[in-house]
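Data block below; observations after.
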Amino acid sequence: MLQIPEHKIPIIEIKTDFDVRIFIKREDLIHPTISGNKFWKLFFNVNQYLKPKPENPLIISFGGAFSNHIASVAGFGKEFGIPTVGIIRGNELENNWQRNPTLSEACENGMQFFFVSREDYQNKERLTQEFSDKYPDALIIPEGGSNEMAVEGVRYMLGNDTKDFDYLCTAVGTGGTIAGVSRFAEQHQNVIGIRVVKDDSLEKTISEWSGRNNFELMDAAENRYGKISDENIRFINWFYNEYKIPLDPIYTGKMMEMIFDLAEKKYFPKDSKILAFHTGGLQGIKGANLFLKNKGRERIAE
Ligand SMILES: *Cc1c(COP(=O)(O)O)cnc(C)c1O
């Protein structure tokens, strides 16, 4: 069993000229490699798995080459001494994954890779079956890390320090995080999820996990997963200059730009207190910059 770590995550006010108050909770600071929401989503899955004391514990999960979840699973394995396996999308990476910053760090943290073609990767059910036949005692965590236990873990992102806010905002990928925020929010709080992926089934999935209807989903300005706009890069760089808080280009940068946009359009009633969760993902900046550099585009300040 893993002990719930002592954690004190700062909430910082982002001073603006808007007629509302915006704050950010720095969940990205919880651990250097298992950042933000991924820490809590993994923690409860792994804890549950370790309860019956498996003889040869092993964690298996899925992800793309730049995945925060893959980086976090590898970091988790290293931190708690559990071997990890990553099933990675794209067999073209087989011979050159060393050049990918996410994968080379995951390897340093002890993760073993299996590369599968994009086609095979689509069929998660078959892959899961294959790996559970091969490693019957392993814990297999879905892509992105969201499931019932993950939602339970998000409870720890909320506490006495978050009770006062009128709005709780988070970026939405697979929906586990917003489902947890929604489930554990106070009665008076509104939950806003900024969707960075086109997925029409998200609303239903989140409702089922949350059991409440206190949340609203909005689409980020660019909601194709992994797509990075120049406008958002400029926002992220401006935000860093202004507040000295780094944002990632896949989730938190898009969320924060959206919150600023909403505040500017007077979506929130005057004097509202808005809390945005910084869910981490900063490891993705290196990979994004490699891509942007190859395209000759503006880069994210590192
Ligand atoms: C994974 C991730 C999210 C999305 O969390 P879900 O539970 O998949 O919706 C948000 N922000 C960051 C930085 C992430 O890595």
Side-chain angles (χ1 to χ4, degrees), residues 4 7 9 11 23-28 30 34-49 61-63 67-70 72-73 76 124 128 139-163 165-220 223 225 248 250-252 254-256 258-259 262 274-281:
I4 293 171
H7 59 289
I9 304 294
I11 292 179
F23 298 78
I24 189 164
K25 186 161 193 222
R26 297 285 311 268
E27 292 289 343
D28 59 306
I30 191 157
I34 322 163
S35 89
N37 59 344
K38 299 295 189 288
F39 184 89
W40 294 112
K41 295 203 323 179
L42 283 170
F43 191 84
F44 282 80
N45 272 290
V46 176
N47 227 357
Q48 177 92 343
Y49 167 67
S61 199
F62 307 87
S67 161
N68 295 332
H69 172 65
I70 285 293
S72 300
V73 169
F76 208 93
K124 297 274 166 18
T128 305
L139 168 65
I140 303 186
I141 298 179
E143 180 180 39
S146 288
N147 55 18
E148 275 291 336
M149 287 312 290
V151 172
E152 194 59 44
V154 174
R155 174 196 295 269
Y156 290 87
M157 288 168 49
L158 300 166
N160 283 333
D161 54 345
T162 62
K163 287 197 163 107
F165 295 93
D166 306 302
Y167 289 88
L168 302 174
C169 306
T170 185
V172 177
T174 54
T177 305
I178 188 184
V181 172
S182 156
R183 192 196 303 178
F184 300 112
E186 300 297 304
Q187 277 299 338
H188 71 93
Q189 293 180 312
N190 302 294
V191 178
I192 296 183
I194 290 115
R195 204 156 36 177
V196 303
V197 51
K198 283 192 174 135
D199 179 353
D200 292 333
S201 65
L202 266 175
E203 183 126 25
K204 183 164 172 281
T205 312
I206 296 167
S207 288
E208 284 168 4
W209 277 330
S210 153
R212 294 175 79 183
N213 58 3
N214 55 354
F215 69 92
E216 183 177 351
L217 295 180
M218 300 184 185
D219 286 325
N223 73 343
Y225 183 73
D248 84 290
I250 310 299
Y251 294 100
T252 55
K254 291 178 177 181
M255 168 191 68
M256 200 46 93
M258 183 81 179
I259 293 171
L262 291 170
I274 299 150
L275 181 65
F277 288 98
H278 193 317
T279 41

Query raised in the report: Can you tell me how far CG of Leu168 sits from CD1 of Ile178, rounded to the nearest 0.5 angstrom?
Result: 9.5 Å
Report task. Run the numbers on Leu262 and Ile274 for side chain to side chain contact (heavy atoms under 4.5 Å, CB included), then give the verdict. Result -> CA-CA 11 Å; Leu262 291 170; Ile274 299 150; over 6 Å; no
Query - Check: Tyr225 and Tyr251 side chains under 4.5 Å, non-hydrogen atoms - result: yes
**Report entry** Inter-residue atom distance Ile70.CD1 - Ser61.OG, 0.5 Å rounding
**Finding:** 5.5 Å
Query raised in the report: Is the backbone N or O of Ala185 less than 3.5 Å from a side-chain atom of Arg212, with the two atoms forming a donor-acceptor pair by type?
Result: yes
**Report entry** is_close_aromatic(Tyr156, Phe43), centroid dist under 6.0 Å
**Finding:** no
Report task. Might you point out which heavy atoms bring Glu27 and Phe277 nearest each other, and give the distance in Å? Result -> CG-CD2, 4.3 Å
Report summary line: One should read off an interatomic distance between Ser210 OG and Phe184 CZ, to the nearest 0.5 angstrom, of 9.0 Å
List the atom pairs, with distances to 0.1 Å, where a side-chain N or O of residues 189-198 and a protein N or O form a donor-acceptor pair under 3.5 Å, not counting sequence neighbours.
from, atom 1, to, atom 2, distance (Å)
Gln189, OE1, Glu186, N, 2.9
Gln189, NE2, Thr162, O, 2.7
Gln189, NE2, Lys163, O, 3.4
Gln189, NE2, Phe165, O, 3.0
Asn190, ND2, Asp166, O, 3.4
Arg195, NE, Asp219, OD1, 2.9
Arg195, NH2, Asp219, OD1, 3.3

Query raised in the report: Is there a side-chain contact between Leu42 and Ile34 (heavy atoms, below 4.5 Å)?
Result: yes
Report task. Check whether any side-chain heavy atom of Thr174 lies under 4.5 Å from a side-chain heavy atom of Lys41, and answer yes or no. Result -> yes
**Report entry** Contacts of type side chain to side chain donor-acceptor pair (under 3.5 Å), residue Arg155, not counting sequence neighbours
**Finding:** Glu152
Report summary line: Nearest heavy-atom approach of Met256 to Ala276 is CE-CB, 3.8 Å
Report summary line: From the list Thr279, Asp28, Ile30, side-chain contact (heavy atoms from CB on, under 4.5 Å) with Phe39 holds only for Ile30
Query raised in the report: Given His69 and Phe62, is the side chain to side chain contact (heavy atoms under 4.5 Å, CB included) satisfied, shown in steps?
Result: CA-CA 8 Å; His69 172 65; Phe62 307 87; over 6 Å; no
Query - side chain to side chain contact (heavy atoms under 4.5 Å, CB included) between Val172 and Leu202, worked out - result: CA-CA 9 Å; Val172 177; Leu202 266 175; 4.0 Å; yes
Requested in this report: Measure the CD1-CG distance between Ile259 and Leu275 for me, rounded to the nearest 0.5 Å.
Outcome: 8.5 Å
Query raised in the report: Atom CE in Met157, atom NE2 in His278: separation rounded to 0.5 Å?
Result: 11.5 Å
Query raised in the report: With a distance cut-off below 6.0 Å to the six-membered ring centre and an angular limit of 45° from the axis, does Lys38 pair with Phe44 as a cation-pi contact?
Result: no
Requested in this report: Check for a donor-acceptor pair, side chain of Lys254 on one end and backbone N or O of Asp248 on the other, with a separation under 3.5 Å.
Outcome: no
Query raised in the report: Does some side-chain heavy atom of Trp40 sit less than 4.5 Å from a side-chain heavy atom of Ile4?
Result: yes
Query - Whether Ser146 side chain and Gly176 backbone form a donor-acceptor pair below 3.5 Å - result: yes
Report task. Could you tell me whether the side chain of Ile206 reaches within less than 4.5 Å of the side chain of Phe215, counting heavy atoms only? Result -> yes
Report summary line: Between the CD1 atom in Ile140 and the OG1 atom in Thr128, the distance rounded to the nearest 0.5 Å is 5.5 Å
Query raised in the report: Is any side-chain heavy atom of Asn45 closer than 4.5 Å to a side-chain heavy atom of Asn147?
Result: yes
**Report entry** Closest approach of Ser35 to Gly280 (non-hydrogen atoms, all atoms of both residues)
**Finding:** OG-CA, 3.3 Å
Requested in this report: Going by the side chain to side chain donor-acceptor pair (under 3.5 Å) test, name the single residue among Thr177, Asn213, Thr170, Asn214 that passes it with Ser182.
Outcome: Asn214
